[in-house]
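The chains referred to below are lettered A, B, ... by the order of the sequence lines, with proteins before strands, and numbering in each begins at 1. Everything numeric here is computed off the predicted structure, so don't read it as measured data.
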Amino acid sequence: MSTLRLYNSLTRQKEPFHPLVKGRVGMYVCGPTVSGESHLGHARPYITFDVVYRYLLHLGYQVRYVRNITDAGHFEEEGREAIDKIANKSKLEQLEPMELVSKYTRLYHWAMEQFNTLPPSVEPTATGHIVEQIEMIKQLIEAGYAYEVNGSVYFDVKKYAAGHEYGKLSGRILDDLLETTRELEGQEEKRNRADFALWKAAAPEHIMRWASPWGVGYPGWHIECSAMATKYLGKQFDIHGGGMDLLFPHHESEIAQSTICNHTAPVRYWMHNNMITINGRKMGQSYNNVIRLTELFAGTHPELSQAYHPMTVRFFILQSHYRSTLDFSNEALQAAEKGLKRLWDAYSGLNAPVWSEPFVHPTAGDAELDQRMNRLLDEVLEFVNDDFNTAKALANFFEMVSVWNSIKDGLISITALSPATIQRIRTETKTWLEDVFGLQAVTEADNEKLSGVMDLLLEIRKEAKLRKDFSTSDKIRDQLITLGIQLKDEKGGGTSWMIDN
RNA sequence: GGUCCUGUGGCCGAGUGGCUAGGCAGAGCUCUGCAAAAGCUCCUACAGCGGUUCGAAUCCGCUCGGGACCUCCA
């Protein structure tokens with residue numbers, strides 16, 4: 001019996017997954033900064049960890065999934081100008097920070113729904129946890145690992161490294177960090193350049209500001225995740241996820257802060273997804289190559305030759321392994337679109353009568369085929385258990401697709417498979433595709449009146465065909481195509497239809 | 001510069017040392033009034049050069065190319 005193994009960034013190897021508390025899993029995933037619109041790159045971690053979440057639920061765990069929303073600007077802790085990101089942009093857009101944050105939070109939630117991701121159990125905001133962050137900083141000062149300078153507080157990395165494994169997660173070597181030749185402004189307050197801000201004094205023009213024991217200011221970049229993860233998941237929890245670009249310094253700093261405050265390493269399994277690239281380059285703000293999700297869904301971006309359905313994007317992402325880079329291109333997205341359609345058409349075909357008639361045959365008519373189907377399903381479990389290899393799992397479904405289609409077309413008899421296998425295919429496919437991978441039909445849900453109209457049209461067309469009146473039958477089909485409805489005459493004489501997007 | 005990852009057929013991608021993933025595109029055939037869909041078949045690649053091995057896309061070394069992080073970032 002295969003069990004879940006996942007790649008732990010901390011140990012750089014796959015490890016069997018055993019939760020800290022039997023039957024329960026605590027999972028934290030770094031969420032978005034809602035100072036702007038989410039883009040395709042953001043979609044990857046949320047979809048990746050949605051599958052992780054769904055699978056853990058499927059395995060029967062009670063999961064507390066925490067995914068934060070960063071709505072406070074504290075991004076310039078190395079402080080070139082100490083300007084709050086949100087405050088800065090809100091001035092440009094003439095908006096209140098909170099208005100901006102609300103707007104982009106709503107957009108983000110909307111996009112996550114489009115992707116059919118399950119909402120997290122807790123979705124804490126940074127601004128809602130200023131108190132917890134201040135408390136944590138106080139603890140760090142008391143413990144002697146943080147120091148205050150001019151109303152700002154910094155974490156003493158050098159001191160931490162003397163007694164702890166600083167850099168273990170990211171592979172950094174402290175001496176290298178201390179000796180880096182990079183020149184940054186606003187470093188003079190720090191004892192060492194590797195130190196990072198826990199609290200920053202706010203300049204007068206700063207809009208986001210909170211009172212603290214060290215004066216008016218705002219929290220540092222890393223402390224929110226430590227504070228909120230501790231609050232909702234405890235001093236130590238099972239899984240922490242995020243993009244690989246957060247390994248350093250964000251997650252490394254989280255480990256340092258939490259380790260001092262909680263006297264234990266905070267996370268047992270660190271999982272990091274790789275980036276989505278465009279023309280071989282990471283999609284990110286700094287590269288000016290982002291395709292926002294609204295643009296992606298609408299097809300309104302110079303790089304896009306068409307609009308892409310959220311499910312196409314989800315499927316595209318699941319067709320690669322989450323730890324590999326995934327290169328965006330129209331060709332690749334279109335391939336995903338067609339692939340998903342093929343898979344989904346075949347999957348929908350499992351609801352055809354031939355699959356659900358009462359089976360009287362006791363055994364498989366084609367033992368070899370029957371075995372193959374069972375093997376393919378067995379392997380799906382193994383692949384998913386093997387660090388969430390959704391790519392391999394989906395490949396197996398495609399191997400099954402041609403058999404399903406052949407059964408639907410009557411090229412293979414349903415009795416080739418044993419009743420048990422038939423049942424297994426139907427239930428397990430639904431479980432994997434819908435419940436675990438979170439895939440959905442791309443077409444709109446059927447409308448009853450439309451179905452009635454379609455039934456009528458198909459009947460008229462059938463009658464026309466019977467009397468060889470092909471001009472009428474073709475007229476119906478061709479007119480429907482211009483309306484975006486495609487007819488498919490099937491082997492058995494029936495006709496199915498689908499709405500193209 | 002430092003740390004690390006990576007280079008697979010037209011495109012995207014999976015690959016645990018031996019059993020040619022899969023998707024898309026392309027070609028042919030079958031089914032079909034035609035079309036679409038579907039089925040079958042074909043296209044058999046691992047940057048280069050060495051090495052280890054009975055055997056390497058997979059391990060090691062070097063070279064070349066691409067990328068990530070070290071600064072906001074998923």
List, with names and distances, any nitrogen or oxygen atoms from the protein found under 3.5 Å away from nitrogen or oxygen atoms belonging to nucleotides 22-29 of chain B.
residue : atom : partner : partner atom : Å
B/G23   : OP1  : A/R342  : NH2          : 3.3
B/G23   : O2'  : A/A335  : O            : 3.4
B/A25   : OP1  : A/K338  : NZ           : 3.3

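- Ring orientation note: the planes of A/F196 and A/F155 are close to parallel, at an angle under 30° on the 30°/60° scale.
- In this structure, CE of A/M400 is placed 14 Å from P of B/G39, rounded to the nearest angstrom.
- Counting non-hydrogen atoms under 4.0 angstrom, A/K468 reaches nothing in the nucleic acid.
- In this structure, of B/G39, B/C34, B/A14, it is B/C34 that holds the atom nearest to the side chain of A/R477.
- Atom NE2 of A/H321 is separated from atom P of B/U6 by 13 Å (rounded to the nearest Å).
- One C1' atom belongs to B/G18, the other to B/C59, and the distance between them is 14 Å to the nearest Å.
- Here A/M275 lies in heavy-atom contact (under 4.0 Å) with a base.
- Here B/U16 presents its C1' atom at 13 Å from CG of A/D387, a figure rounded to the nearest Å.
- Of all nucleotides present, only B/G28 satisfies the Watson-Crick or G-U wobble test against B/C40, with each distance under 3.5 Å.
- Taking atom P in both B/A45 and B/U30, one finds a spacing of 29 Å when rounded to whole Å.
- Residue A/F470 has its side chain nearest to B/G33 when only B/G33, B/G39, B/A14 are considered.
- B/G17 and B/A57 have their P atoms separated by 13 Å, with the value rounded to a whole Å.
- A/N330 and A/Y308 are linked by a side-chain donor-acceptor pair at a separation below 3.5 angstrom, with hydrogens and angles left out of the test.
- In this structure, CD1 of A/I317 is placed 17 Å from P of B/C12, rounded to the nearest angstrom.
- Map A/K392 and A/P45 each onto its nearest nucleotide of RNA chain B; the residue landing nearer the 5' end is A/K392.
- For the C1' atoms, the distance from B/U52 to B/C62 is 15 Å, rounded to whole Å.
- Between A/S329 and A/D327, the side chains place no donor N or O within less than 3.5 Å of an acceptor N or O (distance only, hydrogens not considered).
- The A/D409 side chain lies nearest to B/A38 when the options are B/A38, B/C12, B/C40.
- Among the heavy atoms of the strands lying under 4.0 Å from A/H39 is at least one base atom, whether or not backbone atoms are also near.
- Using a 4.0 Å cut-off between charged nitrogen and carboxylate oxygen, A/E379 and A/R375 count as a salt-bridge pair.
- Judged purely by distance below 3.5 Å, without hydrogens or angles, the side chains of A/N273 and A/T48 never pair a donor atom with an acceptor atom.
- For A/Y287, a side-chain nitrogen or oxygen approaches OP1 or OP2 of B/A68 to under 4.0 Å.
- Regarding A/Q13, its CD atom lies at a distance of 15 Å from the C1' atom of B/U16, rounded to whole Å.
- With 3.5 Å as the limit, one finds a donor-acceptor pair spanning the side chains of A/R44 and A/S320.
- Here B/C34 is the nucleotide among B/G67, B/G15, B/C34 with the atom lying nearest to any side-chain atom of A/D474.
- Here A/L246 lies in heavy-atom contact (under 4.0 Å) with sugar-phosphate atoms only.
- Residue A/I276 is classed as a base contact, given a heavy-atom separation below 4.0 Å to a base.
- Between A/Y28 and A/F237, the ring planes are tilted. Angles from 30° to 60° get that label.
- Side-chain atoms of A/K103 and A/Y108 form no donor-acceptor pair, as typed in the model, at a separation below 3.5 Å.
- For the P atoms, the distance from B/C54 to B/A21 is 26 Å, rounded to whole Å.
- No more than 12 heavy atoms of other residues, nucleotides or ligands sit less than 6.0 Å from atom CD of A/E165.
- Taking for each of A/V403 and A/T277 the nucleotide of RNA chain B with the nearest heavy atom, the 5'-most of the two is the partner of A/V403.
- Within the 4.0 angstrom heavy-atom criterion, no nucleotide atom of any strand lies near A/F383.
- Side chain to side chain, A/T415 and A/S413 meet the donor-acceptor criterion of an N or O pair below 3.5 Å.
- No hydrogens or angles were tested; on distance alone, nothing pairs the side chain of A/D327 with the base of B/G13 as donor and acceptor under 3.5 Å.
- In summary, A/D387 and A/R323 engage in a salt bridge, as defined by a charged side-chain N under 4.0 Å from a carboxylate O.
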Under-3.5 Å N/O pairs linking protein and nucleotides 2-5 of chain B:
residue : atom : partner : partner atom : Å
B/G2    : O2'  : A/D176  : OD2          : 2.8
B/U3    : O2'  : A/G171  : O            : 3.2

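- For A/N405 and B/C31, the CG to C1' distance is 14 Å, given to the nearest whole Å.
- Residue A/S324 places none of its side-chain N or O atoms closer than 4.0 Å to OP1 or OP2 of B/G13.
- Within the nucleic acid shown, A/G280 comes within 4.0 Å of sugar-phosphate atoms alone, with no base atom in reach, counting heavy atoms only.
- For the C1' atoms, the distance from B/A47 to B/G7 is 6 Å, rounded to whole Å.
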